[in-house]
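Data first, discussion second: the structure below is written as structure tokens.
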Amino acid sequence: MKIAVLGSGNGACATAADWSLHGHKVRMFDFEGFTRVLEAVEAQRGIYAEGDVNGFAAIEYAGTDIEKTIDGTDLIIVVGPSYSSEPFANAVKDIISEKQVYILSPGSNGGALVTRKIFEKADNAKNVVIAETSTLPYASRNTEPGYVKVYLKLIGGLYLAAIPHSATERALKLFQQVYPGTVAAKNLFQTMLQNGNPVIHPSVTLLNAALIERTQGDFLFYEEGVTPAVGRLMEAIDQERVEIGERLGVRIIPDPELGVIQGYMTDASYSPGYSQAPGFKGIRAQGELDHRYLHEDAGYGLVFLLNLAKSIGVETPHINSVLDIASIVAQRDYRKEAVRTLEGIGYTVEEVNKL
């Protein structure tokens with residue numbers, strides 16, 4: 001198949017390399033201002049990957065021409081943070097074809113719903129199949145432009161749902177060519193809620209804030225950053241997330257249990273499960289608190305969970321507490337900003353269930 005990967009970060013490079021090494025023709029796109037990696041990939045005509053994805057992966061094109069990137073492709077895979085959903089959808093809405101399938105990997109707090117609202121306004125995009133995964137299939141880092149290290153490629157525990165729901169099987173069959181362990185989600189609420197980043201990243205970041213500031217992230221985020229106390233905070237957040245899922249009629253697997261299924265962890269516990277996890281080994285902390293582990297995973301992820309919980313009558317005191325502290329540390333009011341909520345996207349719970 002011909003594949004377009006939108007994005008140039010850690011996950012995008014791992015995705016592009018993996019599809020290429022599976023024998024597919026791959027092109028990559030990102031916006032002006034994010035071209036450092038793409039320039040290196042284009043110059044060497046590919047990506048050097050090591051780890052669970054390994055080898056030199058040929059890339060047909062890497063640049064900022066969106067039409068050249070997606071023209072004639074069968075599958076468009078969006079790999080980016082929550083705040084990339086809108087710009088990528090707007091970039092393709094007038095040129096995408098209904099023959100193409102558009103997958104957000106991951107959906108990142110309602111990414112498929114955001115995309116649907118944008119595509120509805122373009123005649124050629126109204127009937128495009130949009131899908132999202134529950135999480136990124138990799139733990140990876142770009143070690144330098146054009147080089148990616150894949151610490152882990154998921155062996156299971158990856159869910160996919162599509163809009164319309166009846167198209168889930170079509171999108172799943174395409175995605176399973178590289179991720180055979182992917183399974184169909186019950187609905188979009190399962191993919192939205194089964195992402196553990198809002199559980200993990202804000203908790204570990206906030207309880208290691210002094211260490212991050214003092215060392216500029218010179219420590220191992222999971223191996224050294226997750227102690228029993230940090231694990232207890234993650235567990236409290238996770239229990240509220242699971243309760244939200246129960247109220248919505250979907251079973252959300254607690255994150256340590258899912259980590260074992262995915263291959264990250266060997267011990268389904270909050271501590272020492274994370275600190276001893278083979279899949280997290282060697283991953284360093286962020287260099288500063290001004291980072292997506294707060295801005296995305298609290299500002300988008302926890303805010304999304306909080307507002308969803310309020311709409312269905314679930315109490316979330318621990319999510320509220322972490323958001324309060326995160327806002328103080330980041331010097332911004334994430335709850336007031338409310339950059340990603342179900343209501344803000346333009347859906348009710350009932351409408352999502354009917355998609």
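These values consider heavy atoms only, across backbone and side chains, with no hydrogens, waters or symmetry-generated copies.
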Apply side chain to side chain donor-acceptor pair (under 3.5 Å) to N307 and R335, showing your working. CA-CA 9 Å; N307 284 273; R335 190 183 288 101; over 6 Å; no
Show, in sequence, the C-alpha distance, side-chain angles and deciding distance for I3 and T73, and conclude whether the side-chain contact (heavy atoms from CB on, under 4.5 Å) test is met. CA-CA 5 Å; I3 311 296; T73 57; over 6 Å; no
Kindly determine whether T115 and Y102 satisfy side-chain contact (heavy atoms from CB on, under 4.5 Å), including the steps that lead there. CA-CA 9 Å; T115 302; Y102 190 90; 3.6 Å; yes
Any chance you could lay out the side-chain contact (heavy atoms from CB on, under 4.5 Å) test for L305 and E240, step after step, and finish with the verdict? CA-CA 9 Å; L305 290 176; E240 293 179 349; over 6 Å; no
Checking Y61 against F29 for the ring pair (Phe, Tyr, Trp, His ring centres under 6.0 Å) test, could you report, in this order, the C-alpha distance in whole Å, the side-chain angles of both residues, the deciding distance, and whether it holds? CA-CA 8 Å; Y61 169 76; F29 165 85; 8.7 Å; no
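Contact record, A326 with A298: CB-CB, 4.1 Å, taken as the closest heavy-atom pair. Across S82 and Y300, no two heavy atoms sit closer than the pair CB-CD2, 3.3 Å. Nearest approach of I252 to G245, heavy atoms of both residues: CG1-CA, 3.9 Å. Residues V41 and G146 come closest through the heavy atom pair CG2-CA, 4.0 Å. Considering every non-hydrogen atom in both E351 and G346, the closest pair reads OE1-O, 3.8 Å. Scanning both residues, V79 and G11, for their nearest heavy atoms gives CG1-C, 3.4 Å.
No single ILVMFWY cluster, assembled from side-chain heavy atoms under 4.5 Å apart, contains both L289 and L220. I325 and V226 fall within a single hydrophobic cluster, where Ile, Leu, Val, Met, Phe, Trp and Tyr side chains are chained together by heavy-atom contacts under 4.5 Å. Residue I345 is grouped with residue L355 when hydrophobic side chains (ILVMFWY) are merged at heavy-atom distances under 4.5 angstrom, including chains of intermediate members. Under a hydrophobic-cluster definition in which Ile, Leu, Val, Met, Phe, Trp and Tyr are linked whenever side-chain heavy atoms come within less than 4.5 Å, directly or via other members, L258 and M192 are assigned to different clusters. Transitive grouping of hydrophobic side chains (ILVMFWY, heavy atoms separated by less than 4.5 Å) brings Y347 and L308 into a common cluster.
Around the CZ atom of F34, the shell of radius 6.0 Å holds no more than 12 heavy atoms that belong to other residues, nucleotides or ligands. The 12-atom threshold is not exceeded at CD of E67, counting heavy atoms of other residues, nucleotides or ligands nearer than 6.0 Å. Residue R36 qualifies as open at atom CZ: its count of foreign heavy atoms under 6.0 Å is 12 or below. Atom CD of E343 has 12 or fewer heavy atoms from other residues, nucleotides or ligands within 6.0 Å. Enclosure of atom NZ in K173 is not indicated, since only 12 or fewer non-hydrogen atoms of other residues, nucleotides or ligands lie within 6.0 angstrom.
Between Y138 and Y151, a ring centre-to-centre spacing not shorter than 6.0 Å is recorded. Centroid-to-centroid, the aromatic rings of F280 and F221 stay 6.0 Å apart or farther.
A search for salt bridge (charged side-chain N to carboxylate O under 4.0 Å, His left out) contacts involving E60 returns R27, not counting sequence neighbours.
Taking the side chain as every heavy atom from C-beta outward, I237 and S203 approach each other to under 4.5 Å. H295 places a side-chain heavy atom less than 4.5 Å from the side chain of D290. With a 4.5 Å cut-off on side-chain heavy atoms, V26 and V5 count as touching. For the pair F175/I103, a side-chain contact is recorded, criterion being any heavy-atom separation below 4.5 Å from C-beta on. Side-chain contact between Q276 and Y222 is absent, with no heavy-atom pair separated by less than 4.5 Å. Using a 4.5 Å heavy-atom threshold, the side chains of F189 and N353 count as touching. You'll find the side chain of V37 reaches within 4.5 Å of the side chain of N142, heavy atoms only. Inter-residue side-chain proximity for L302 and Y334 is flagged as unmet; no heavy-atom pair is nearer than 4.5 Å.
Taking CG of N124 as the start and CD of Q100 as the end, the distance is 10.0 Å to the nearest 0.5 Å. Between T215 atom OG1 and N208 atom CG the span is 9.0 Å, to the nearest 0.5 Å. For the atom pair CD1 (I212) and CG (D218), the distance works out to 12.0 Å, reported to the nearest 0.5 Å. A distance of 9.5 Å separates OG1 in T69 from CD1 in I76, rounded to the nearest 0.5 Å. The line from CG of N197 to CG of N109 is 8.5 Å long, rounded to the nearest 0.5 Å. From K99, atom NZ reaches atom CG of L75 across 16.0 Å, with rounding to the nearest 0.5 Å.
A donor-acceptor pair shorter than 3.5 Å can be found between the side chains of T64 and E32. Defined by atom type and a distance below 3.5 Å, a donor-acceptor pair is missing between the side-chain atoms of Q194 and T135. Inspection of the D255 and Y270 side chains reveals no N or O donor paired with an N or O acceptor under 3.5 Å. With 3.5 Å as the limit, one finds a donor-acceptor pair spanning the side chains of S8 and D30.
With hydrogens and angles disregarded, no donor-acceptor distance shorter than 3.5 Å links the side chain of R141 to the backbone of I283. Remark: side-chain polar atoms of S134 are not paired, donor with acceptor, to backbone N or O of L158 under 3.5 angstrom. Side-chain atoms of R340 come within 3.5 Å of backbone N or O of S108 as a donor-acceptor pair. With hydrogens and angles disregarded, no donor-acceptor distance shorter than 3.5 Å links the side chain of T205 to the backbone of P202. A donor-acceptor pair under 3.5 Å is absent between the side-chain atoms of E132 and the main chain of G110, judged by distance alone. Under the 3.5 Å distance criterion, the side-chain polar atoms of H24 are left unmatched by any main-chain donor or acceptor of S20. Formation of a donor-acceptor pair under 3.5 Å by the T35 side chain with backbone atoms of E39 is not found in this model. The closest donor-acceptor contact from the side chain of T191 to the backbone of A161 lies at 3.5 Å or more, if one exists at all. In this structure, the side chain of E246 does not engage the main chain of R251 through any donor-acceptor pair within 3.5 Å. Formation of a donor-acceptor pair under 3.5 Å by the E223 side chain with backbone atoms of G282 is found in this model.
Between E120 and R116 there is a salt bridge, with a side-chain nitrogen of the basic residue lying less than 4.0 Å from a carboxylate oxygen of the acidic one. The pair D123-K126 counts as a salt bridge, with a side-chain nitrogen and a carboxylate oxygen less than 4.0 angstrom apart.
When hydrophobic side chains of Ile, Leu, Val, Met, Phe, Trp and Tyr are connected at separations under 4.5 Å, Y147 ends up clustered with Y48, F56.
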